[in-house]
J.: 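One structure is given below, represented as structure tokens, and several questions about it will come after.
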Amino acid sequence: MKVRFWGVRGSIPSPGRATNRYGGNTSCVEVRPNGDAPIIIDAGTGIRRLGKTLAMDDQFRDGKGHASILISHTHWDHVQGLPFFSPLYRAGNQVHIFARQRDTHLEAVFSAQHHAPYFPVPLSAMHADMHFHELIEGAQFELGRAKISSARLNHPWVAIAYRIDVDGASVVYCADTAPFTDMLLGREFIEAPKLGALPPAVVNELRSMRAGVVALANKADLLIYDTQFTPDEYASRPHWGHSRPDDAIEIARAAKVGKLCLFHHAPLRSDDDNDAILATYRDVIRISVDAFDIVSAYEGLEITLGDES
């Protein structure tokens with residue numbers, strides 16, 4: 001399979017000279033099993049360019065295309081590109097959207113960003129056949145030959161991580177998540193967090209959540225992980241639900257992955273900043289003699305995993 005990055009930013013798109021090399025689009029990763037339909041993870045603004053590329057394919061152009069979109073959570077930076085996904089505007093295309101079950105029906109959640117005055121085209125006017133699938137934490141299912149697994153992440157209003165096994169290889173996508181140490185994030189807005197000793201029940205829940213993520217990533221060929229914050233940034237905003245590269249490395253070590261990919265870059269992080277962060281943590285894993293490699297996601301990065309035939 002091939003893993004291609006179409007959007008690598010968190011929070012909000014950040015185009016400009018300072019972000020030109022890594023790219024300014026928000027989260028979108030394409031996983032393409034050999035000879036099978038694309039599996040897309042998240043629908044940030046990066047999905048627009050992916051959609052334009054798919055629209056040039058004979059199947060999607062002729063209304064015979066199939067695609068699946070796995071949504072980690074429905075915060076704007078992970079869904080705001082969906083109205084601009086070209087295959088949705090061609091009758092006959094089949095698009096399956098998977099996301100965590102909410103109090104409101106999943107289709108209504110996505111329809112909301114299409115309602116006037118936010119967008120001129122309602123979701124109901126899309127020509128493609130759209131199918132919504134509500135997931136619970138820990139859900140497992142198949143998409144063609146690919147086996148999909150999931151686990152809960154520590155993020156406001158809850159996000160889920162995905163693992164895709166196909167073609168003799170595996171990729172795990174963990175965005176967005178805070179560390180599993182300082183606070184439990186769920187369905188409440190935290191305005192002014194106070195860090196300190198946690199109740200035993202919360203400690204146990206965080207440990208269980210971390211264990212679930214480590215199990216999901218166990219011996220994965222590629223782990224894509226939220227590393228939006230530096231240590232100083234995390235210290236001032238621990239309730240935002242994002243991690244540091246140190247946190248990603250701890251999970252990668254525990255799970256014995258083959259490659260770690262730093263992802264969900266902060267919108268103000270320049271290309272030079274990202275270069276420096278990558279160099280720093282390559283030194284960290286070199287000194288620690290870690291068995292895995294480390295890269296930093298940029299738009300256009302393509303990683304081939306497993307069998308290529």
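Side chains included, hydrogens not; waters and symmetry mates left out as well; all remaining heavy atoms used. Throughout, numbering of the chain's residues begins at 1 and tracks the sequence.
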J.: Quick check against the 3.5 Å criterion: does N93 have a side-chain atom that pairs as donor or acceptor with the backbone of G65?
T.: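 Present.
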J.: Within the side chain of N274, is there an N or O that forms a donor-acceptor pair under 3.5 Å with the backbone of D271?
T.: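 Between the backbone of D271 and the side chain of N274 there is no qualifying donor-acceptor contact (under 3.5 Å).
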J.: Would you check if there is a donor-acceptor pair between the side chains of S288 and R253 at a distance under 3.5 Å?
T.: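 There is such a pair between these side chains.
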J.: For S72, is there any backbone N or O sitting under 3.5 Å from a side-chain donor or acceptor partner on D42?
T.: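 At least one qualifying donor-acceptor pair exists.
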J.: Using 30° and 60° as the class limits, which term best fits the ring planes of H73 and H78: parallel, tilted or perpendicular?
T.: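 Geometry flag for H78 against H73: tilted rings.
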J.: Specify whether F263 and F5 have parallel, tilted or perpendicular ring planes, treating 30° as the upper limit for parallel and 60° as the lower limit for perpendicular.
T.: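 Tilted: the ring planes of F263 and F5 meet at 30° to 60°.
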J.: In terms of side-chain geometry, is the basic nitrogen of R100 or E137 positioned less than 4.0 Å from the acidic oxygen of its partner?
T.: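 Looking at E137 together with R100, the answer is yes, because their closest N to O distance falls below 4.0 Å.
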J.: Does N218 offer a backbone N or O that forms a donor-acceptor pair with the side chain of R163 under 3.5 Å?
T.: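 Yes, R163 side chain to N218 backbone: donor-acceptor pair under 3.5 Å.
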J.: Quick check on the hydrophobic clustering: are F292 and V214 connected, directly or via other members, by side-chain heavy-atom contacts under 4.5 Å?
T.: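 Yes, it is one cluster - the side chains of F292 and V214 are joined through contacts under 4.5 Å.
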J.: Give a yes-or-no answer on whether the side chains of Q228 and S11 include a donor-acceptor pair shorter than 3.5 Å.
T.: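 Q228 vs S11: donor-acceptor pair found between side chains.
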J.: So do C174 and V213 actually touch side chain to side chain, heavy atoms under 4.5 Å?
T.: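 Side-chain contact under 4.5 Å: yes.
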J.: Starting from the C-alpha separation in whole Å, work towards a yes-or-no answer on salt bridge (Lys or Arg N to Asp or Glu O under 4.0 Å) for K64 and D58.
T.: CA-CA 8 Å; K64 300 177 182 178; D58 287 346; over 6 Å; no
J.: Hydrophobic cluster mates of L82, side-chain heavy atoms under 4.5 angstrom, ILVMFWY only, any path?
T.: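 Traced through the cluster, L82 reaches W6, I40, I47, L50, L54, F60, I69, I71, V79, F84, F85, L88, Y89, V95, I97, L106, F110, F119, V121, L123, M126, M130, F132.
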J.: A quick test of your reading: do over 12 heavy atoms of other residues, nucleotides or ligands sit less than 6.0 Å from CZ of R4?
T.: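 More than 12 heavy atoms, drawn from other residues, nucleotides or ligands, come within 6.0 Å of this atom.
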J.: Is it the case that the side chain of S150 and the backbone of A139 share a donor-acceptor pair, with hydrogens and angles ignored and the cut-off at 3.5 Å?
T.: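 Between the backbone of A139 and the side chain of S150 there is a qualifying donor-acceptor contact (under 3.5 Å).
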J.: Kindly compute the distance separating OG1 (T45) from CG (N25), expressed to the nearest 0.5 Å.
T.: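 The OG1 atom of T45 sits 3.5 Å away from the CG atom of N25.
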J.: Closer than 4.0 angstrom, basic N to acidic O: yes or no for D167 and R145?
T.: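 A salt bridge is present here (some side-chain N lies under 4.0 Å from a carboxylate O).
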J.: Closer than 3.5 angstrom, by distance alone: can the side chain of T53 be matched with the main-chain N or O of R49 as a donor-acceptor pair?
T.: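 Such a contact is found between T53 side chain and R49 backbone.
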J.: Calculate, to the nearest 0.5 Å, the distance between atoms CG and OH belonging to L278 and Y298 respectively.
T.: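 One finds 11.0 Å between CG of L278 and OH of Y298.
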J.: Using only atom types and a distance under 3.5 Å, with no angle test, would you say the side chain of E299 pairs donor to acceptor with the backbone of G24?
T.: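 Checked: pair present.
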J.: Do the side-chain N and O atoms of H155 and H242 include a donor-acceptor pair separated by under 3.5 angstrom?
T.: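 Side chains of H155 and H242: no pair found under 3.5 Å.
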J.: Between Y234 and D247, does any side-chain donor sit less than 3.5 Å from a side-chain acceptor?
T.: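 No, no side-chain donor-acceptor pair sits under 3.5 Å.
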J.: Pairs in or reaching into residues 195-210: which pass salt bridge (Lys or Arg N to Asp or Glu O under 4.0 Å), with residues at least two apart or in two chains?
T.: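 Passing the test, one end in residues 195-210: R152-E205.
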J.: With distance as the sole criterion, is a donor-acceptor pair present between the side chains of H264 and D77 under 3.5 Å?
T.: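 Side-chain D/A pair, H264 to D77: present.
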J.: Nearest 0.5 Å, please: how far is CZ in R90 from CZ in R61?
T.: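 The CZ atom of R90 is 8.5 Å from CZ of R61, to the nearest 0.5 Å.
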J.: Within this structure, what is the CG-CG distance for the pair L185 and D176, rounded to the nearest 0.5 Å?
T.: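 So the gap between those two atoms works out to 11.0 Å.
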J.: Is there a donor-acceptor pair under 3.5 Å between the side chain of D221 and the backbone N or O of V171?
T.: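 Absent.
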J.: Is the backbone N or O of R9 less than 3.5 Å from a side-chain atom of T26, with the two atoms forming a donor-acceptor pair by type?
T.: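 Here the side-chain-to-backbone pair does not exist.
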J.: Is there side-chain contact between S296 and Y22, with at least one heavy-atom pair below 4.5 Å?
T.: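 Yes, their side chains come closer than 4.5 Å.
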J.: What's the separation between atom OG in S170 and atom CG in D165, rounded to the nearest 0.5 Å?
T.: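 Answer for the OG-CG pair, S170 versus D165, is 5.0 Å.
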J.: Donor-acceptor pair, distance only, cut-off 3.5 Å: does the side chain of R282 make one with the backbone of I294?
T.: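 Pair found, side chain donor or acceptor close to backbone of I294.
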J.: Are any of the side-chain heavy atoms of L262 and Y225 separated by less than 4.5 Å?
T.: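 No - every pair of side-chain heavy atoms lies 4.5 Å or more apart.
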